[in-house]
Amino acid sequence: MAQEVRGVIAPGKDQPVRVETIVVPDPGPGEAVVRVQACGVCHTDLHYKQGGITDEFPFLLGHEAAGVVESVGEGVTEVAPGDFVILNWRAVCGNCRACLRGRPWYCFDTHNARQKMTLTDGTELAPALGIGAFAEKTLVAAGQCTKVDPAVSPAVAGLLGCGVMAGIGAAINTGNVGRGDSVAVIGCGGVGDAAIAGARLAGAAKIIAVDIDDRKLAKARTLGATHTVNSRETDPVEAIRELTGGFGADVVIEAVGRPETYQQAFYARDLAGTVVLVGVPTPEMKLELPLLDVFGRGGALKSSWYGDCLPSRDFPMLIDLHLQGRLDLAAFVTETIQLDEVEKAFERMHGGDVLRSVVVL
Ligand code: APR
Ligand code: ZN
Ligand code: ZN
């Protein structure tokens, strides 16, 4: 039987979000209904609300979530009712060219639930990133559920579903940071700080945090930054070179998503170093680089999609490391809030002191 629960809806472009009753159908073949326990507030939710992603309003927002599987549809073998899971927004197919070549984060055929959740009048909802988890329950593809150790708090676990995974993965998967490496991270929001935590986990010797806000730099230190640079006051390229014996960092991670910070990242890396772009640019942004510098500097220019993660491999591992005290994921939860406080959390997002607000249910 379809169920009625509460969920946070973005009704139209730039309109405030509101809690409404939504209808969650029983899971069909390959689907699961999850009782959501926590869901982080991400910039992407704000972009959906602002109409910056698509105009398929109304959206059911929320996509950094953890909860318990309530029921599963026909043919589901990945998870069973009662499993504690983190939701991911790329349930890979396993059969396309990208999957078969061992690069499932580029999968061409990722799955979402086929059925739609609706408002009580039957209006179909578009779930943010195919999840829609600012809701007491949500319908997803079973492959979007990854089982992890239930000893972790849901608020902490949910964050791995998006921004924190993107940052950690940019360091450990895309950047392939190794023991003794020097790493610079430009932009120390939730994603950049997660990259710093990932670099520490991977054994980086030097971790240089760059931001324009001293409060962000202070927080970055608590997550593993060994040096900080305020790029409003100091040229970050010069500073990073100076801190690395004149060479530049082995891996530079750009976690802002702007041409000027990408350019800084490009020149702040060592010859043959790696630049990782995890900040998401807008369609209008352009990069201008002398081709001779691309040729002359060698190395690798990479972008990181969802931290190039494989949820079934990375989520349980990172939760285990957290439970062992080797990765502080709790540091990313700034505050816990209720479903009806999402709009306020959007307003606080750019205040400088919030890494993540997390709705707990
Ligand atoms: N130089 C350095 N840091 C900057 C600059 C700049 N020119 N401009 C902004 N910043 C800093 C901000 O002060 C902030 O600390 O970048 C950080 C951005 O953090 P958030 O706004 O919290 O964003 P976050 O969630 O970390 O995401 C960063 O990664 O995945 C993408 O879409 C995401 O593009 C976004 C980026
Ligand atoms: Zn695939
Ligand atoms: Zn997100």
Side-chain angles (χ1 to χ4, degrees), residues 39-48 52-53 61-65 87-111 128-131 133-134 143 158-170 184-196 208-220 228-237 239 253-265 268 276-282 285 303-307 310 332 334 348-358:
C39 184
V41 183
C42 175
H43 288 88
T44 306
D45 294 305
L46 180 60
H47 294 161
Y48 270 109
I53 298 188
L61 298 182
H63 61 274
E64 301 191 342
L87 301 183
N88 72 75
W89 39 269
R90 290 185 67 80
V92 299
C93 79
N95 292 312
C96 72
R97 182 167 176 269
C99 283
L100 292 176
R101 298 182 87 209
R103 296 168 194 158
W105 44 92
Y106 293 134
C107 175
F108 308 138
D109 188 23
T110 58
H111 301 306
L129 289 174
I131 293 182
F134 288 147
L159 296 190
L160 265 193
C162 183
V164 173
M165 184 69 244
I168 294 177
V185 176
I186 302 179
C188 302
V191 174
D193 276 352
I196 288 169
I208 304 162
V210 179
D211 204 289
I212 49 176
D213 184 336
D214 283 328
R215 291 170 303 177
K216 299 288 189 157
L217 293 172
K219 178 78 180 173
T228 56
V229 176
N230 185 323
S231 56
R232 272 227 168 100
E233 295 159 3
T234 312
D235 176 359
V237 176
I253 297 169
E254 199 279 5
V256 184
R258 301 191 55 81
E260 59 272 27
T261 40
Y262 186 86
Q263 197 140 16
Q264 290 164 1
V276 177
L277 177 63
V278 60
V280 182
T282 64
M285 289 178 182
S303 67
S304 186
W305 288 12
Y306 203 176
L310 191 54
F332 293 90
T334 310
R348 276 199 296 275
M349 215 166 218
H350 297 292
D353 43 6
V354 177
L355 278 184
R356 276 297 187 267
S357 306
V358 181

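Counting starts at 1 for both ligands and their atoms, following the listed order.
Within the structure, the closest approach of Gly163 to ligand 1 does not fall below 4.0 Å when heavy atoms are considered.
Remark: ligand 1 atoms within the under-4.0 Å shell around heavy atoms of Gly190 are 22 (O), 26 (O). The Cys188 neighbourhood of ligand 1 comprises atoms 15 (O), 17 (C), with distances under 4.0 Å to a heavy atom of that residue. Ligand-side atoms of ligand 1 in range of Ser231: 1 (N), 2 (C), range being under 4.0 angstrom from any heavy atom. Annotation for ligand 1: atoms under 4.0 Å from non-hydrogen atoms of Lys216 are 15 (O). Taking every non-hydrogen atom of Val278 and a distance limit under 4.0 Å, the qualifying atoms of ligand 1 come out as 29 (O), 30 (O), 31 (C).
Side chain of Arg90 to main chain of Thr110: no donor-acceptor pair is present (N/O by atom type, distance under 3.5 Å, no hydrogens or angles). A distance-only check finds a donor-acceptor pair linking the side chain of Tyr48 to the backbone of Leu129 [under 3.5 Å].
Scanning Leu355, Leu217, Val280, Ile212 for the heavy atom closest to atom 34 (O) of ligand 1 points to Val280.
Taking the Zn ion (ligand 3) as the apex, the angle formed with NE2 of His63 and SG of Cys42 is 110°, to the nearest 10 degrees. Take the Zn ion (ligand 2) as the corner point: the lines to SG of Cys93 and to SG of Cys107 open at 110°, to the nearest 10 degrees.
The side-chain heavy atoms of Phe332 and Val358, taken from C-beta on, include no pair separated by under 4.5 Å. Within the 4.5 Å cutoff, the side chain of His63 has heavy atoms near those of the Cys42 side chain. Under the 4.5 Å side-chain criterion, counting only non-hydrogen atoms from C-beta, Leu217 is not in contact with Arg215. Taking 4.5 Å as the limit, some side-chain heavy atom of Asp214 sits within range of a side-chain heavy atom of Glu233.
Here's the thing with Gln264: none of its N/O atoms is less than 3.5 angstrom from an N/O atom of ligand 1. At under 3.5 Å, not a single nitrogen or oxygen of Asp213, backbone or side chain, sits near a nitrogen or oxygen of ligand 1. For ligand 1, the polar-atom distance check finds no N/O of Gly257 at less than 3.5 Å from any of the ligand's N/O atoms.
Here Thr261 has side-chain heavy atoms under 4.0 Å from ligand 1, and that is the only part of it that gets that close. With a 4.0 Å cut-off on non-hydrogen atoms, Asp193 does not touch ligand 1 at all. At a 4.0 Å heavy-atom cut-off, ligand 1 touches His43 through the side chain alone.
Among protein heavy atoms, atom 16 (O) of ligand 1 sits closest to Gly187 CA, 3.6 Å. The protein non-hydrogen atom at the shortest distance from atom 14 (C) of ligand 1 is Asp211 OD2, 3.5 Å. If you check which protein heavy atom lies closest to atom 27 (O) of ligand 1, you get Val191 CG2, 3.5 Å. Shortest contact from atom 28 (C) of ligand 1 to any protein heavy atom: Ala255 O, 3.1 Å. Among protein heavy atoms, the minimum distance from atom 29 (O) of ligand 1 is reached at Gly279 CA, 3.5 Å.
Classified by interplanar angle (parallel below 30°, tilted 30° to 60°, perpendicular above 60°), the ring pair Tyr306/Trp89 is parallel.
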